[in-house]
K.L.:
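Dropping a structure here in structure tokens format, bear with me for questions.
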There are 2 protein chains.
Amino acid sequence: MRNTVARDAILEIINTTDEALSQSDVQAKLPEGLCNRVTIYRVLDRLVDEHLAHKITNIDGVIKYANCQSCTTKHKHNHLHFNCERCNTVTCIEAVEPSFKLPANYEVKNVNFLVSGICPECKGN
Amino acid sequence: MRNTVARDAILEIINTTDEALSQSDVQAKLPEGLCNRVTIYRVLDRLVDEHLAHKITNIDGVIKYANCQSCTTKHKHNHLHFNCERCNTVTCIEAVEPSFKLPANYEVKNVNFLVSGICPECKGN
DNA sequence: TTTTTTAATGCAATAGGGTTGCAGTTGCAA
DNA sequence: TTGCAACTGCAACCCTATTGCATTAAAAAA
Ligand SMILES: [Mn+2]
Ligand SMILES: [Mn+2]
Ligand SMILES: [Zn+2]
Ligand SMILES: [Zn+2]
């Protein structure tokens, strides 16, 4: 993958933000006019292909992206994601991996565990 | 809630289908022209309000609806949902409730556990 | 350094799921 | 039977996301 201005800027944002970001979230953080909005969609998808970011489908159907902690050869993201209804953020709860056991013959390829409610920050205010 | 033709038909479909349905899935099962597509959206939402159906956000962001087994005063749906990538269905796995424990001060209001992969039917074929 | 290759981008159009405002209709309680 | 709020149809709209194609620009090759 080529090292472009858009890629650098977007990866930097993903890596320095502690909440999952949608395309429009990323756009809001990018310098005005750095790149086209379609490019953001494409770069984010490429970062997923490169195992540098992972996708989360929020409860409202919007796709959010967050950096990968340690995915080299393949993605592994069974951790929980929390969507705060008040501040409307989605955060990776890396420490929590829900356990479950499917009946026989189900082949699991991908997991999207999303819990929504009120986050500690909003709770305290 | 009033007893309308659309409500009756849609509730019947939801209750006799063993997979979660989107608005367009419901529309495809309804007799041509029985009601407007907007009505389907509105009826489905009303069924959720009445605790007769629950919502699931699929991995692709599309909202699906399935009947409630036993929700009277409030919804309780911590069970797993499985999305088959091959036959593109979403099914309630009522028997499986993933266990997890959030750090302190998170208030959970809603849960959306979605696992995607290959279902037993598709696996066998 | 210059040339070449092709990945990456911008732009405009398009798709698809879902919502909204409002006028007209209808279930059902009185 | 009547009155009215709940429900519906329709058209317009919103939002997220994708696609086709011409152009640009990394970075490999010369
Ligand atoms: Mn995550
Ligand atoms: Mn369910
Ligand atoms: Zn919050
Ligand atoms: Zn299947």
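Below, chain A is the first sequence line, B the second, and so on; all start at residue 1.
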K.L.:
Counting heavy atoms from C-beta on, name the nucleotide in C:dA8, C:dG10, D:dT16 closest to the side chain of A:Tyr41.
P.N.:
D:dT16
K.L.:
On DNA chain C, nearest-nucleotide positions of A:Arg37 versus B:Asn3: which is more 5'?
P.N.:
A:Arg37
K.L.:
Can you measure A:Leu44 atom CG to D:dT16 atom P for me and round it to whole angstrom units?
P.N.:
14 Å
K.L.:
Send over the distance from B:Ile56 CD1 to C:dG17 P, rounded to a whole Å.
P.N.:
17 Å
K.L.:
Please confirm whether the shortest side-chain N or O distance from B:Arg46 to OP1 or OP2 of D:dT8 is below 4.0 Å.
P.N.:
yes
K.L.:
So, OP1 or OP2 of C:dT9: does either fall under 4.0 Å of a side-chain N or O from A:Arg42?
P.N.:
no
K.L.:
Take atom OH of A:Tyr65 and atom C1' of D:dT16, then tell me their distance rounded to the nearest Å.
P.N.:
11 Å
K.L.:
Does the side chain of B:Glu94 come within less than 4.5 Å of B:Leu80's, by heavy atoms?
P.N.:
no
K.L.:
Has B:Asn36 got a side-chain N or O lying under 4.0 Å from the OP1 or OP2 atom of D:dC10?
P.N.:
yes
K.L.:
Quick one: do A:Glu50 and A:Arg7 make a salt bridge, cutoff under 4.0 Å?
P.N.:
yes
K.L.:
Would you kindly check whether a donor in the side chain of B:Arg2 faces an acceptor in the base of D:dA5, or vice versa, at under 3.5 angstrom?
P.N.:
yes
K.L.:
Think A:Thr39 has a side-chain N or O under 4.0 angstrom from the OP1 or OP2 of C:dA8?
P.N.:
no
K.L.:
Mind calculating the distance between CD1 (A:Ile40) and P (D:dT16) to the nearest angstrom?
P.N.:
13 Å
K.L.:
May I have the distance from B:Asn58 (atom CG) to C:dG16 (atom C1'), rounded to whole angstrom?
P.N.:
15 Å
K.L.:
Give the rounded distance in Å between these two atoms: CG of B:Leu21 and C1' of C:dG17.
P.N.:
16 Å
K.L.:
Let me know the distance between CG of A:Asp60 and P of C:dG16, rounded to the nearest Å.
P.N.:
21 Å
K.L.:
Quick one: B:Arg7 CZ to D:dG9 C1', roughly how many Å, whole number?
P.N.:
20 Å
K.L.:
Quick one: on DNA chain C, does B:Gly61 or B:Met1 contact a more 5' nucleotide (nearest heavy atom)?
P.N.:
B:Gly61
K.L.:
Let me spell it out: for each of B:Val5 and A:Lys64, pick the nucleotide of DNA chain D with the closest heavy atom. Which residue's pick is nearer the 5' end?
P.N.:
B:Val5
K.L.:
Tell me which nucleotide among D:dT8, D:dA17, D:dT18 gets nearest to the side chain of A:Ile63.
P.N.:
D:dA17
K.L.:
Do B:His77 and B:His54 have their ring centres less than 6.0 Å from each other?
P.N.:
yes
K.L.:
Would you check if the distance from the ring center of A:Phe113 to the ring center of A:Phe100 is below 6.0 Å?
P.N.:
yes
K.L.:
Any idea which of D:dA26, C:dA8, D:dT19 is nearest the A:Val38 side chain?
P.N.:
D:dT19
K.L.:
What I want to find out is whether A:Glu97 reaches B:Lys101 closely enough, with some N-O distance under 4.0 Å, to be called a salt bridge.
P.N.:
no
